[in-house]
Visitor: 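To start, I am sharing the structure in question, which I have written as structure tokens.
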Amino acid sequence: QVQLTESGGGSVQAGDSLRLACAASGRIFSSSTMGWFRQAPGKEREFVAMIRWTGNSPFYADSVKGRFTISMDNGRRTMYLQMSGLKTEDTAVYYCARGYQYTASQSNYNYWGQGTQVTVAS
């Protein structure tokens, strides 16, 4: 069984920075992919970024490329999402997830955290 716990959400002003963390427990294969997703009010959940458990191959959605940085500390079994230049449209509940394959498709991810709220005010 895998458990994922997000932290670091909060309320900030546009242009500010925030760092989310996702702590993992349980058995995670080194071939796993870890991902961040988000769901804004009234919208479907969408892909934000992903990275291999080994820390290689970060990949981003176009909407966050150049502003967000995903990283992996597998010694601490924790994934991070450093968010800079936040915009009001980044307001959402952010979820971390673990998947078997290196893909942004949500169907690949079979373990999810409970989510952490990020609110960006103008």
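In this text the structure is predicted, and so the values were computed from the model without any measurement.
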Visitor: Is V48 linked to L18 within one hydrophobic cluster, defined over Ile, Leu, Val, Met, Phe, Trp and Tyr using a side-chain heavy-atom separation of less than 4.5 Å?
Guide: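 Yes, it is one cluster - the side chains of V48 and L18 are joined through contacts under 4.5 Å.
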
Visitor: Whether the side chain of R76 engages the backbone of A23 through a donor-acceptor N/O pair (distance < 3.5 Å, no angle test) should be reported.
Guide: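 No, R76 side chain to A23 backbone: no donor-acceptor pair under 3.5 Å.
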
Visitor: Do side-chain atoms of Y109 reach the backbone of A104 as a donor and acceptor pair under 3.5 angstrom?
Guide: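 No.
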
Visitor: Compare every heavy atom of L86 with every heavy atom of R67, then report the nearest pair and how far apart it is.
Guide: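 Closest approach of R67 to L86, heavy atoms only: NH1-CA, 3.9 Å.
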
Visitor: Write down the atom of A121, the atom of T88, and the distance for their closest heavy-atom approach.
Guide: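 Here A121 and T88 meet closest at C-CG2, 4.0 Å.
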
Visitor: Considering only heavy atoms from C-beta outward, does the side chain of R38 approach that of V64 to under 4.5 Å?
Guide: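 Answer yes - side chains close enough.
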
Visitor: Can you tell if the side chain of V12 reaches within under 4.5 Å of the side chain of M83, non-hydrogen atoms only?
Guide: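 Side chain of V12 against side chain of M83, heavy atoms only: no contact under 4.5 Å found.
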
Visitor: Do W36 and Y60 belong to the same hydrophobic cluster, where Ile, Leu, Val, Met, Phe, Trp and Tyr are linked whenever their side-chain heavy atoms lie under 4.5 Å apart, directly or via other members?
Guide: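 Yes, it is one cluster - the side chains of W36 and Y60 are joined through contacts under 4.5 Å.
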
Visitor: Do any N or O atoms from the side chain of Q106 and from the backbone of R45 form a donor-acceptor pair under 3.5 angstrom?
Guide: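 Such a contact is found between Q106 side chain and R45 backbone.
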
Visitor: Test of understanding: with side chain to side chain contact (heavy atoms under 4.5 Å, CB included), list the residues that count as partners of Y102, not counting sequence neighbours.
Guide: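 Listed in chain order: T33, M50, R52, S57, F59.
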
Visitor: Tell me the closest heavy-atom pair linking A14 and S122, and the distance in Å.
Guide: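 For A14 and S122, the tightest heavy-atom pair comes out as CB-CA, 4.3 Å.
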
Visitor: Who passes salt bridge (Lys or Arg N to Asp or Glu O under 4.0 Å) against R19, sequence neighbours left out?
Guide: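 For R19 there are no salt bridge (Lys or Arg N to Asp or Glu O under 4.0 Å) partners, ignoring immediate neighbours.
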
Visitor: Are V93 and Y111 linked, directly or through intermediate hydrophobic residues, by side-chain heavy-atom contacts shorter than 4.5 Å (ILVMFWY only)?
Guide: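 No.
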
Visitor: Taking the six-membered ring for Trp and the single ring otherwise, decide whether the centroids of W112 and F37 are under 6.0 Å apart.
Guide: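 Yes, close enough.
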
Visitor: With a 6.0 Å cut-off (strictly less than), is the heavy-atom count around CD of E44, excluding the residue itself, greater than 12?
Guide: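 No, CD of E44 has 12 or fewer neighbouring heavy atoms, counting only those of other groups under 6.0 Å.
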
Visitor: With rounding to the nearest 0.5 angstrom, report the CE to CD1 distance, M34 to I28.
Guide: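 Going from the CE atom of M34 to the CD1 atom of I28 covers 5.0 Å.
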
Visitor: Between K65 and D62, is the closest basic N to carboxylate O distance under 4.0 Å?
Guide: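 The answer is yes: the pair qualifies as a salt bridge.
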
Visitor: Test the R98-Y100 pair against the cation-pi criterion, namely NZ or CZ under 6.0 angstrom from the six-membered ring centroid and within 45° of the ring axis.
Guide: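 Judged by the rule (NZ or CZ under 6.0 Å from the ring centre, within 45° of its axis), R98 counts as positioned above Y100.
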
Visitor: I'd like to check L20 versus E6 (side-chain heavy atoms, cut-off strictly below 4.5 Å). Are they in contact?
Guide: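 L20 does not reach E6 side chain to side chain.
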
Visitor: With a 4.5 Å limit on heavy-atom distance, are the side chains of F68 and D90 in contact?
Guide: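 The answer is yes; the side chains approach within 4.5 Å.
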
Visitor: Any chance the side chains of Q117 and T119 put a donor and an acceptor closer than 3.5 Å?
Guide: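 Their side chains do contain a donor-acceptor pair, which is all the 3.5 Å distance test asks for.
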
Visitor: Any idea which heavy atoms bring V120 and T91 closest together, and the distance?
Guide: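 Taking V120 first and T91 second, the nearest heavy atoms are N-OG1, 2.9 Å.
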
Visitor: Looking only at heavy atoms, what is the nearest atom pair of C96 and M79, with distance?
Guide: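 Looking at all heavy atoms of both residues, the closest pair is CB-CE, 3.6 Å.
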
Visitor: Of all heavy-atom pairs between I70 and P58, which one has the smallest distance, and what is that distance?
Guide: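 Minimum heavy-atom contact is CG2-CB, 3.6 Å.
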
Visitor: Okay, side chain of D16, backbone of Q13: is any donor-acceptor separation there less than 3.5 Å?
Guide: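 Yes, D16 side chain to Q13 backbone: donor-acceptor pair under 3.5 Å.
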
Visitor: How far does OG1 of T103 sit from CZ of F47, to the nearest 0.5 angstrom?
Guide: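 CZ of F47 is found 8.5 Å from OG1 of T103.
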
Visitor: Mind checking the OH-CE spacing from Y80 to M72? Nearest 0.5 Å is all I need.
Guide: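 With rounding to 0.5 Å, OH (Y80) is 8.5 Å from CE (M72).
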
Visitor: Quick one: does any side-chain atom of N108 pair with a main-chain N or O of G99 as donor and acceptor, under 3.5 Å?
Guide: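 Not at all, since once roles are kept as given, no pair shorter than 3.5 Å links the two residues.
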
